[in-house]
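The structure appears right after this line, and notes come after that.
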Amino acid sequence: MESRVLSRTTAIAALPKLFRPSREAASLGVATGVKTPVGLIKDGGSLTWGRQLRPVLLFEPLQSGSVCGATRREKTAVQPCRAASGSSGEAKVGFLEKYPALVTGFFFFMWYFLNVIFNILNKKIYNYFPYPYFVSVIHLFVGVVYCLASWSVGLPKRAPIDSNLLKLLIPVAVCHALGHVTSNVSFAAVAVSFTHTIKALEPFFNAAASQFVLGQSIPITLWLSLAPVVIGVSMASLTELSFNWLGFISAMISNISFTYRSIYSKKAMTDMDSTNLYAYISIIALFVCLPPAIIVEGPQLIKHGFSDAIAKVGMTKFISDLFWVGMFYHLYNQLATNTLERVAPLTHAVGNVLKRVFVIGFSIIAFGNKISTQTAIGTSIAIAGVAMYSFIKAKMEEEKRQMKTT
């Protein structure tokens, strides 16, 4: 799916020709329109950080000779104009509308940057506090508190939710919770670089779900481009020094869970902006993660888990580490959700793989992890496969755009 961010000029040009409004409306000299609740992105609306942007139309006043180049006698499409000054001239196009590719690139950069910091801090916590179920709950809890505080000050304004939307969000939240917990189990069991190497298979699972679940046709060229990714990950796994089955299987379950989360999130995003969407998902996922954390790790935490961690690093560092890892987790996932809103699910999955390249590299540097030659070669082959996939996918999307314009 292409980015839905439209410039004012493009949005206005796409409208059918507008004729002079009634005397009562036109005599006011201002635009008439229908207010739309915040959060909806239908009818050409676009979203940036949860705020809706719509074109402003000014109609011709009856007693004015011309407004923005349209005289009283003309019955043509309204031209863009500056509402503040009322003078003639072309509308000023905002930066977000003029350079959507740069904005999307910024989303990807911040997503990668925050994810690298999260993964390094998260692994450091597991080195002295190996309780992934409890840490997963802390991640979500900090994020939920952040969302509630943001709603309280109206940044962003909370989007209303009803039973129908809740039915859409529950499966998304369950997949998010399952993928989150299994990722953390894998992070605690093996090296960060190995977990992300396994999770590089996400585009393969995403393509499979798109074709066999959603019924979308995936060209054979895209399937072939994913073959090096599978081969490379397999090579890296066979000689990974930190390999164990718990870390491997948990990472694979996480792949499947996040694949379905991306697909269902794209469906739910039709009626809610991504910022509010992820906030509701976090709240639901928190309640999903609490019971297994209490059942699986609760007795150990009470007996010696908390006391051992405090004895190793101190109370202040222990609490601050949990707080900041939760903040970075929420922020990078929020950026990932905002990015998903701007691109197609498969493109988002490819971006997710490229993000893992940064995480793998920085984690090796930060923790001094040793990798075998075959692991390095396998990881490189997987990255090359992702690059091939990205090129083919971008070419296909460009061809589709050209066909629509002709």
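Heavy-atom basis, side chains included; hydrogens, waters and symmetry copies ignored. Positions are given from 1, in the same order as the sequence printed here. Remember, it's a predicted structure, so these values are computed and weren't measured experimentally.
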Please walk me through it: do Phe204 and Val229 pass side chain to side chain contact (heavy atoms under 4.5 Å, CB included)? CA-CA 8 Å; Phe204 175 82; Val229 180; over 6 Å; no
Donor-acceptor under 3.5 Å ([X] side chain, [Y] main chain):
{"X": "Tyr280", "Y": "Ala159", "result": "yes"}
{"X": "Ser320", "Y": "Lys317", "result": "yes"}
{"X": "Asn119", "Y": "Ile360", "result": "no"}
{"X": "Asn244", "Y": "Ala189", "result": "yes"}
{"X": "Thr379", "Y": "Thr375", "result": "yes"}

With rounding to the nearest 0.5 Å, note down the distance linking CD1 in Ile198 to CD1 in Ile249. 11.0 Å
Does atom CZ of Phe243 have more than 12 heavy-atom neighbours, drawn from other residues, nucleotides or ligands, at distances under 6.0 Å? yes
Stepwise side chain to side chain contact (heavy atoms under 4.5 Å, CB included) test for Val142 and Tyr329: CA-CA 9 Å; Val142 174; Tyr329 170 78; over 6 Å; no
Let me see the working for Tyr126 and Phe129 under ring-ring contact (aromatic ring centres under 6.0 Å, His included), right down to the final yes or no. CA-CA 5 Å; Tyr126 287 134; Phe129 187 69; 8.2 Å; no
Consider only side-chain N and O atoms of Asn333 and His176, and report whether a donor and an acceptor are under 3.5 Å apart. no
In terms of the angle between their ring planes, are [X] and [Y] parallel, tilted or perpendicular, with boundaries placed at 30° and 60°?
{"X": "Phe108", "Y": "Trp111", "result": "tilted"}
{"X": "Phe318", "Y": "Tyr128", "result": "perpendicular"}
{"X": "Phe109", "Y": "Phe113", "result": "parallel"}

Evaluate the side-chain proximity of [Y] to [X]: yes if any heavy-atom separation is below 4.5 Å, no if none is.
{"X": "Pro228", "Y": "Ile231", "result": "no"}
{"X": "Leu166", "Y": "Ile284", "result": "yes"}
{"X": "Met252", "Y": "Leu201", "result": "yes"}
{"X": "Gln334", "Y": "Cys147", "result": "no"}

Derivation of the side chain to side chain contact (heavy atoms under 4.5 Å, CB included) call for Tyr112 and Phe362: CA-CA 11 Å; Tyr112 290 6; Phe362 279 102; over 6 Å; no
Can you tell me which residue pairs pass the side-chain hydrogen bond (donor to acceptor under 3.5 Å, both in side chains) test with a partner in residues 133-143, sequence neighbours excluded? Asn122-His139, Ser136-Asn184, His139-His180
Ser183 meets the side chain to side chain contact (heavy atoms under 4.5 Å, CB included) criterion, sequence neighbours left out, with Phe187, Lys199, Ser254, Phe258
